[in-house]
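Comments concern the structure below.
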Amino acid sequence: MRTCLALALAFGALGVALRFAVPVAPADASFREVLQLYRSLERP
């Protein structure tokens, strides 16, 4: 149980560290087009 908790905390800390260390990539033009397409669709 302690090993599992230690691993979970270590992976959580690694995830947070990677989130702050690696910059978020900006959305490219094709991705923005897809988002606009989904926004323009009618919702039932």
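We number each residue from 1, following the sequence as shown.
Note: Arg19 CZ to Leu14 CG = 14.0 Å, rounded to the nearest 0.5 Å. Taking CD of Glu33 as the start and CG of Leu35 as the end, the distance is 10.5 Å to the nearest 0.5 Å.
No continuous path of hydrophobic side-chain contacts links Phe31 to Tyr38 [ILVMFWY only; heavy atoms under 4.5 Å].
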